[in-house]
Amino acid sequence: PPGSCRAFWGWLNAVFNKVDYERIQAVGPDRAASEWLLRCGAVVRYQGSPKWQQDYNGLPTGPLGKYKIEAINATDSCIMYRGFDYLDGLEHVRDIKLEKCMYIQDDCLQRLSETNNLQKSLLQLKIISCGNVTDKGILALHKLINLEYLYLSDLPGIREKETTFHALQQALPKLELELDLE
């Protein structure tokens, strides 16, 4: 029937985003987050490595805590709020790109900005073509106190551009804000 395929994929994506706390304990936060991100179609880059890890079966092995996620590119991925607990233990993430992420919404950005480790480590954030993001989500980013660069593009849910961006600049005076919004 019409719509059943979409419902199936929504259900499957929710399964991919279910947090396995025992797995986080067993393999550490960076490995568990890598598994979650790759399962959902994102890619990660580790500290000291120039290449992006995109093959789930090729995830590096080694002693617990050897590989630390430094960058996340979630372009076209199915990451959603439900899985964001995986981000809690990440201490070295400097760069996140959310592009064409259909499940990213204001609550996700709020959760991202409330993650203590990301408040300390995150320097660059790009949000592109995420149709469910509104002014509320962008304003929530004010807690990312070390954020140096924010790129926003193709976000039709942002209605109060001037007010939103002025408030964000006030909260984060060192922030370089680049906009490509109509």
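Since we're looking at a predicted model, the values are computed, not measured.
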Sequence neighbours left out, what passes side-chain contact (heavy atoms from CB on, under 4.5 Å) with [X]? Give chain and number order.
X: Tyr67; result: Tyr46, Pro60
X: Leu38; result: Val44, Gln53, Tyr56, Leu59
X: His166; result: Gln170
X: Leu139; result: Thr164, Ala167

Can you tell me how far the [atom1] atom of [X] sits from the [atom2] atom of [Y], to the nearest 0.5 Å?
X: Tyr86; Y: Ser34; atom1: OH; atom2: OG; value: 11.0 Å
X: Leu118; Y: His92; atom1: CG; atom2: NE2; value: 12.0 Å
X: Ile127; Y: Leu141; atom1: CD1; atom2: CG; value: 5.0 Å
X: Leu175; Y: Leu144; atom1: CG; atom2: CG; value: 9.5 Å
X: Trp36; Y: Ile79; atom1: CH2; atom2: CD1; value: 4.5 Å
X: Cys130; Y: Gln105; atom1: SG; atom2: CD; value: 11.0 Å

Checking the side chain of [X] only, and the main-chain atoms of [Y] only, is there a donor and an acceptor separated by less than 3.5 Å?
X: Asp180; Y: Leu152; value: no
X: Ser121; Y: Val93; value: yes
X: Asn17; Y: Arg82; value: no

Hey, could you give me each pair passing salt bridge (Lys or Arg N to Asp or Glu O under 4.0 Å) that has a residue in [range]? Not counting sequence neighbours.
range: residues 34-57; answer: Arg23-Glu35, Arg31-Glu35, Arg45-Glu70
range: residues 95-110; answer: Lys97-Glu99
range: residues 111-139; answer: Asp85-Arg111, Asp88-Arg111, Glu114-Lys143
range: residues 166-178; answer: none

Do [X] and [Y] share a hydrophobic cluster (ILVMFWY, side-chain heavy atoms under 4.5 Å, transitive)?
X: Leu150; Y: Leu109; result: yes
X: Ile72; Y: Ile24; result: yes
X: Trp52; Y: Leu98; result: no
X: Ile104; Y: Val19; result: yes
X: Leu155; Y: Ile128; result: no

Handout entry: Non-neighbouring partners of Thr163 that pass side-chain hydrogen bond (donor to acceptor under 3.5 Å, both in side chains), sequence neighbours left out
Key =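 Counting only residues at least two positions away or on another chain, Thr163 forms no side-chain hydrogen bond (donor to acceptor under 3.5 Å, both in side chains).
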
Practice task
Could you tell me which residues satisfy side-chain hydrogen bond (donor to acceptor under 3.5 Å, both in side chains) with Asn117, sequence neighbours excluded, listed by chain and number?
Solution key: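 Result, side-chain hydrogen bond (donor to acceptor under 3.5 Å, both in side chains) vs Asn117: none returned.
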
Practice task
Write out all pairs satisfying ring-ring contact (aromatic ring centres under 6.0 Å, His included) with one or both partners inside residues 118-165, taking only residues at least two apart or from two chains.
Solution key: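 Every pair satisfying ring-ring contact (aromatic ring centres under 6.0 Å, His included) with a residue in residues 118-165: there are none.
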
At their closest point, which heavy atom of [X] faces which heavy atom of [Y], and how far apart are they?
X: Ser77; Y: Ala42; result: CB-N, 3.7 Å
X: Ile69; Y: Ala33; result: CD1-CB, 3.9 Å
X: Ala26; Y: Leu64; result: O-CD1, 3.9 Å
X: Gln119; Y: Asn146; result: O-ND2, 3.4 Å
X: Phe84; Y: Cys108; result: CE2-O, 3.5 Å

Exercise for the section: Using the side-chain contact (heavy atoms from CB on, under 4.5 Å) rule, take Leu181 and Asp154 through it: C-alpha gap first, then chi angles, then the decisive distance, then the call. Expected result: CA-CA 5 Å; Leu181 303 169; Asp154 187 25; 5.8 Å; no

Problem - Residue pair Thr115, Leu122: steps toward the side-chain contact (heavy atoms from CB on, under 4.5 Å) verdict - result: CA-CA 10 Å; Thr115 303; Leu122 192 62; over 6 Å; no

Practice task
Report the C-alpha distance between Ile158 and Ile138 in whole Å, list the side-chain angles of each, state the deciding distance to 0.1 Å, and finish with yes or no for side-chain contact (heavy atoms from CB on, under 4.5 Å).
Solution key: CA-CA 8 Å; Ile158 296 179; Ile138 300 304; 3.6 Å; yes

